[in-house]
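Quick notes on the structure that follows.
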Amino acid sequence: MSDRMNKSGHPVLQMTGVSRYFVQGENQISILDDANFTLEAGETVALVAPSGTGKSTLLHLAGLLEHPDEGDVLIDGEACGGLSDDRRTAIRRSDIGFVYQFHHLLPEFTALENIMMPQLISGLSNADAKERAEQLLDYMRIGHRGSHRPSELSGGEQQRVAIARAVANAPLLLLADEPTGNLDPETAGYVFEALDALVRQSGLSTLIATHNHDLASLMNRRVTLQDGKVVEL
């Protein structure tokens, strides 16, 4: 299973002086305040912070799903603040994979088809997309479940399909927001192991927001959010 590697020499993700706030009445409420963060090629980082501190906001900004009110986000050295929506979408499609707490699989398609979908959208042939999807399902130890629809899969199987889909286009950056938050501890353990093995084999740069300290301990670094800033743990 081959994946893209960052060869530019730039950090895969760089957030410089990023602020995000919203106005409530006459008050301005800051979520992030002049936050800085760098994720190098092949590095894995756990974002461990209480609910309500801005973890999801940070991931949305890193994934170009939101615009910062101040500062900028760079993906593989490219400043994204002033880019068109089309260019930001292209970067998300080719360079960034997302895993959420809920799997968000398409219910009318099989596990295999869900993993093929982003590859087909990117222009890969049906045969090549199917081959990679089968490889990823095997790697996640659910190759025998490829013909099943999401409703026929367990919670852990659904999330493993979601992880495989997130990396189907061999992105440079994987962002995960509480990827095992809906799973029981035993199932979460299986998903942790599969995710960790996939990240290490592929060399993905990974930022995972999690409350689970076992998962966090597998990462190269741990960071948290304090007063709107990213702080090393």
Side-chain angles (χ1 to χ4, degrees), residues 3-23 28-45 47 49 53-106 114-124 129 132 162-179 199 202-209 223 225 228-230:
D3 289 275
R4 292 167 58 205
M5 297 294 290
N6 171 272
K7 298 178 180 179
S8 67
H10 297 291
V12 168
L13 169 65
Q14 193 168 11
M15 307 179 78
T16 59
V18 168
S19 296
R20 190 77 170 103
Y21 50 79
F22 63 92
V23 177
Q28 178 176 296
I29 300 175
S30 292
I31 306 300
L32 297 174
D33 181 19
D34 194 26
N36 297 285
F37 175 73
T38 299
L39 183 67
E40 300 290 348
E43 189 176 31
T44 60
V45 176
L47 174 58
T53 55
K55 295 195 304 296
S56 293
T57 298
L58 181 71
L59 288 173
H60 288 168
L61 291 167
L64 308 185
L65 295 171
E66 295 184 29
H67 289 268
D69 294 299
E70 297 174 11
D72 207 349
V73 176
L74 292 81
I75 303 295
D76 196 22
E78 182 173 2
C80 299
L83 297 179
S84 67
D85 287 342
D86 285 348
R87 177 58 185 152
R88 289 167 65 90
T89 298
I91 292 173
R92 282 198 303 271
R93 183 180 298 146
S94 64
D95 293 343
I96 305 173
F98 297 90
V99 181
Y100 298 99
Q101 184 170 343
F102 186 70
H103 55 77
H104 294 298
L105 298 175
L106 298 173
N114 266 277
I115 301 169
M116 290 174 63
M117 197 68 62
Q119 302 177 76
L120 296 174
I121 291 171
S122 293
L124 208 64
R132 179 163 173 83
I163 292 167
R165 180 184 60 183
V167 303
N169 280 338
L172 296 174
L173 171 63
L174 179 65
L175 301 171
D177 193 356
E178 297 290 351
V199 166
S202 62
L204 267 172
S205 302
T206 308
L207 176 61
I208 300 179
V223 299
L225 291 170
K229 293 179 170 57
V230 181

### Task
For I31 and Y21, run side chain to side chain contact (heavy atoms under 4.5 Å, CB included): C-alpha distance rounded to whole Å, both residues' side-chain angles, the deciding distance at 0.1 Å, then the answer.
CA-CA 5 Å; I31 306 300; Y21 50 79; 5.8 Å; no
### Task
Starting from the C-alpha separation in whole Å, work towards a yes-or-no answer on side chain to side chain contact (heavy atoms under 4.5 Å, CB included) for L207 and L59.
CA-CA 8 Å; L207 176 61; L59 288 173; 3.6 Å; yes
### Query
For V18 and T16, what are the C-alpha separation, side-chain angles and deciding distance, and is it a side chain to side chain contact (heavy atoms under 4.5 Å, CB included)?
CA-CA 5 Å; V18 168; T16 59; 5.6 Å; no
#### Entry: Working for side chain to side chain contact (heavy atoms under 4.5 Å, CB included), residues M117 and R165
CA-CA 8 Å; M117 197 68 62; R165 180 184 60 183; 6.0 Å; no
### Task
For R87 and E78, run salt bridge (charged side-chain N to carboxylate O under 4.0 Å, His left out): C-alpha distance rounded to whole Å, both residues' side-chain angles, the deciding distance at 0.1 Å, then the answer.
CA-CA 11 Å; R87 177 58 185 152; E78 182 173 2; 2.7 Å; yes
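With K229 contributing its side chain and D33 its backbone, the two residues share a donor-acceptor pair below 3.5 Å. Of the possible donor and acceptor atoms, none in the side chain of T53 sits under 3.5 Å from a partner among the backbone N and O of A49.
Taking both residues in full, the closest heavy atoms of L61 and E66 are given as CD2-O, 3.6 Å, listed atom of the first, atom of the second, then distance. The shortest heavy-atom contact between A164 and I115 is CB-CD1, 3.6 Å. Pairing each heavy atom of C80 with each of I91, the nearest pair is SG-CD1, 4.0 Å. For G97 against P171, the heavy-atom pair with the smallest separation is N-CB, 3.7 Å. Closest heavy-atom contact between L13 and I75: CD1-CD1, 3.8 Å. Across A162 and V99, no two heavy atoms sit closer than the pair O-CG2, 4.3 Å.
With respect to the salt-bridge test (charged N to carboxylate O, under 4.0 angstrom), the residues K55 and D177 do not qualify.
N169 is listed as a side-chain neighbour of Q119, based on a closest heavy-atom distance under 4.5 Å. Residues Q28 and F22 have side chains not in contact (no heavy-atom distance under 4.5 Å, counting atoms from C-beta outward). Side-chain contact between L32 and L225: present, with at least one pair of heavy atoms (C-beta onward) separated by less than 4.5 Å.
Here CZ of R93 is found 6.0 Å from OG of S122. Values are rounded to the nearest 0.5 Å. We find the CZ-OG distance between R20 and S30 to be 11.0 Å, quoted to the nearest 0.5 Å. Taking CG of L173 as the reference point, atom OG1 of T206 lies at 7.5 Å (rounded to 0.5 Å). Here the NE2 atom belonging to H67 is positioned 9.0 Å from the CG atom belonging to L83, to the nearest 0.5 angstrom. With rounding to the nearest 0.5 Å, the separation of OG1 in T38 from CD in Q14 is 4.5 Å. Here L47 contributes atom CG and I208 contributes atom CD1; the two are 10.5 Å apart, rounded to the nearest 0.5 Å.
By the 30° and 60° cut-offs, the orientation of the rings of H104 relative to Y100 is perpendicular.
Inspection of the D34 and S19 side chains reveals no N or O donor paired with an N or O acceptor under 3.5 Å.
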